[in-house]
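One-based numbering along the sequence shown. Here the structure is a predicted model, which is why all the values come from computation and not from measurement.
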Amino acid sequence: MTVTLPERDHRTRDQSDEPRKSWQQLSDAEKMYAVVESTFDELNATAPEGWRVELIEGDIHVVPPANGPHEAMLAELVTQVARRSTEESLRTYTGIGLLLPSHTLTSKVVPDLVVAVRGSFMAPELYHDPEPAVLVGEITSVSTGDNDRGKKLRGYALAGIPHYLLVDRKESTATLFSDPAGEEYRHQQTVGLSERIVLPEPLGFALDISEYGD
């Protein structure tokens, strides 16, 4: 499902100092925002188990459950971060929701992997401030690849997340984006899946997913 919305500033509704308006006072664009948010909430609440609903730059995306190879690769990433990270306080999260700035609605996404200090996401909300995230990771699939390479890349950069690890199964590559600046990352390192990719401190190790290479 895709809805294209006009641009607005990066503030979330809660961050705005403007008083809440009645429905009659809302502009057409604001009414569209409200309808999209309501639709997203309904889909999110009623999606079958294992399905994921995300709101990305004003577009609602419904993603089916991941297949076996995707989950096997994700499990390997989680295991290596847990066992090899040089910072003992780091934890991996595979199902935590994040709020990302956007030119339309605040995006609500669920990365495949989030690495953050223990206790970073203890609030009961479904979607959290991304500030504690040290690294986010996405493993592409047919249904998510375009967003992982485009809209989510922009969102993670805008949120100031220091590192974004993109494992592109279609291209058989792993790319580490670092040093966010606006909608982009200043630096990126790409290797084949058969090669190791160095994750900088506080992770501090070379990720080896060569088992999934060519």
Side-chain angles (χ1 to χ4, degrees), residues 5 7-20 30 33-34 36-45 47 51-63 74 77-78 81-82 85 87-139 144 147-166 176-187 199-204:
L5 299 175
E7 292 190 357
R8 67 178 185 183
D9 63 35
H10 290 178
R11 296 178 300 175
T12 64
R13 184 173 56 193
D14 292 339
Q15 291 171 322
S16 174
D17 295 328
E18 298 177 2
R20 186 178 295 275
E30 288 171 326
Y33 297 139
V36 172
E37 286 184 322
S38 176
T39 302
F40 169 79
D41 290 341
E42 291 178 10
L43 287 172
N44 207 19
W51 288 67
R52 187 170 62 190
V53 183
E54 295 184 305
L55 180 60
I56 309 175
E57 293 187 355
D59 296 341
I60 298 173
H61 299 270
V62 182
V63 181
L74 179 58
L77 294 181
V78 169
V81 171
S85 172
E87 175 52 64
E88 294 183 358
S89 65
L90 292 180
R91 297 293 183 268
T92 58
Y93 301 86
T94 59
I96 201 75
L98 297 182
L99 296 169
L100 303 180
S102 167
H103 292 296
T104 56
L105 294 175
T106 298
S107 293
K108 298 178 180 180
V109 304
V110 183
D112 288 326
L113 173 68
V114 177
V115 180
V117 171
R118 178 181 59 243
S120 293
F121 304 113
M122 297 299 291
E125 289 78 14
L126 293 178
Y127 298 92
H128 301 262
D129 186 332
E131 193 276 333
V134 172
L135 176 145
V136 292
E138 299 284 4
I139 300 170
T144 68
N147 283 330
D148 294 340
R149 301 179 193 100
K151 293 179 179 181
K152 283 191 171 182
L153 173 60
R154 287 194 295 270
Y156 294 145
L158 277 170
I161 297 173
H163 305 289
Y164 172 35
L165 177 65
L166 173 63
L176 180 67
F177 297 91
S178 303
D179 195 10
E183 296 183 349
E184 301 177 346
Y185 283 91
R186 291 191 181 98
H187 304 295
L199 304 182
E201 298 293 344
L203 291 129

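- Minimum interatomic distance between Phe40 and Ile60 (heavy atoms only, all atoms of both residues): N-CD1, 3.7 Å.
- Separation of atoms CD (Glu184) and NE2 (His187) is listed at 12.5 Å; rounding is to 0.5 Å.
- In this structure, Leu176 and Pro200 have side chains that are in contact, with non-hydrogen atoms separated by less than 4.5 Å.
- Between Leu90 and Leu203 the shortest side-chain heavy-atom distance falls below 4.5 Å.
- By the 4.5 Å heavy-atom criterion applied to side chains, Thr106 and Leu100 are not counted as neighbours.
- The two atoms that bring His128 and Ala123 nearest to each other are CE1-O, 3.1 Å, heavy atoms only.
- Within the structure, the side chain to side chain donor-acceptor pair (under 3.5 Å) test picks out the following pairs touching residues 114-127 (sequence neighbours left out): Asn44-Tyr127.
- For the pair Pro130 and Leu98, the tightest heavy-atom approach, listed with the atom from each and the gap, is CA-CD2, 4.2 Å.
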(request) Please assess Val110 against Tyr93 for the test side-chain contact (heavy atoms from CB on, under 4.5 Å), listing each intermediate value before the final yes or no. (result) CA-CA 10 Å; Val110 183; Tyr93 301 86; over 6 Å; no
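- With rounding to the nearest 0.5 angstrom, the CD1 atom of Ile161 is 10.5 Å from the NZ atom of Lys152.
- For Asp179, the salt bridge (Lys or Arg N to Asp or Glu O under 4.0 Å) criterion is met by Arg186, not counting sequence neighbours.
- Atom CD1 of Ile139 is separated from atom CG of Leu113 by 8.0 Å, given to the nearest 0.5 angstrom.
- Scanning both residues, Leu55 and Val109, for their nearest heavy atoms gives O-CG1, 4.2 Å.
- In this structure, the side chains of Tyr185 and His163 stay at 4.5 Å or more apart for every pair of heavy atoms.
- Here the CG-OG1 distance, from Leu77 to Thr92, works out to 10.0 Å after rounding to the nearest 0.5 Å.
- We find the CG-CG distance between Leu153 and Asn147 to be 11.5 Å, quoted to the nearest 0.5 Å.
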(message) Applying side-chain contact (heavy atoms from CB on, under 4.5 Å) to Glu54 and Lys151, what does each step give before you reach the verdict?
(response) CA-CA 12 Å; Glu54 295 184 305; Lys151 293 179 179 181; over 6 Å; no
(request) Could you please spell out the steps behind the side-chain contact (heavy atoms from CB on, under 4.5 Å) verdict for Val114 and Phe121? (result) CA-CA 11 Å; Val114 177; Phe121 304 113; 4.0 Å; yes
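- Inspection of the Ser85 and Glu87 side chains reveals no N or O donor paired with an N or O acceptor under 3.5 Å.
- The distance from atom CD1 of Ile96 to atom CZ of Arg91, rounded to the nearest 0.5 Å, is 14.5 Å.
- Counting non-hydrogen atoms of other residues, nucleotides and ligands closer than 6.0 Å to CD of Glu201 gives a total above 12.
- Salt bridge present: Arg52 and Asp112 bring a charged side-chain N and a carboxylate O closer than 4.0 Å.
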(request) Decide side-chain contact (heavy atoms from CB on, under 4.5 Å) for Leu43 and Trp51; before the verdict, give the C-alpha distance in whole Å, the side-chain angles of both, and the deciding distance to 0.1 Å. (result) CA-CA 10 Å; Leu43 287 172; Trp51 288 67; over 6 Å; no
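- When all heavy atoms are compared, the tightest approach of Pro180 to Pro162 is CD-O, 3.8 Å.
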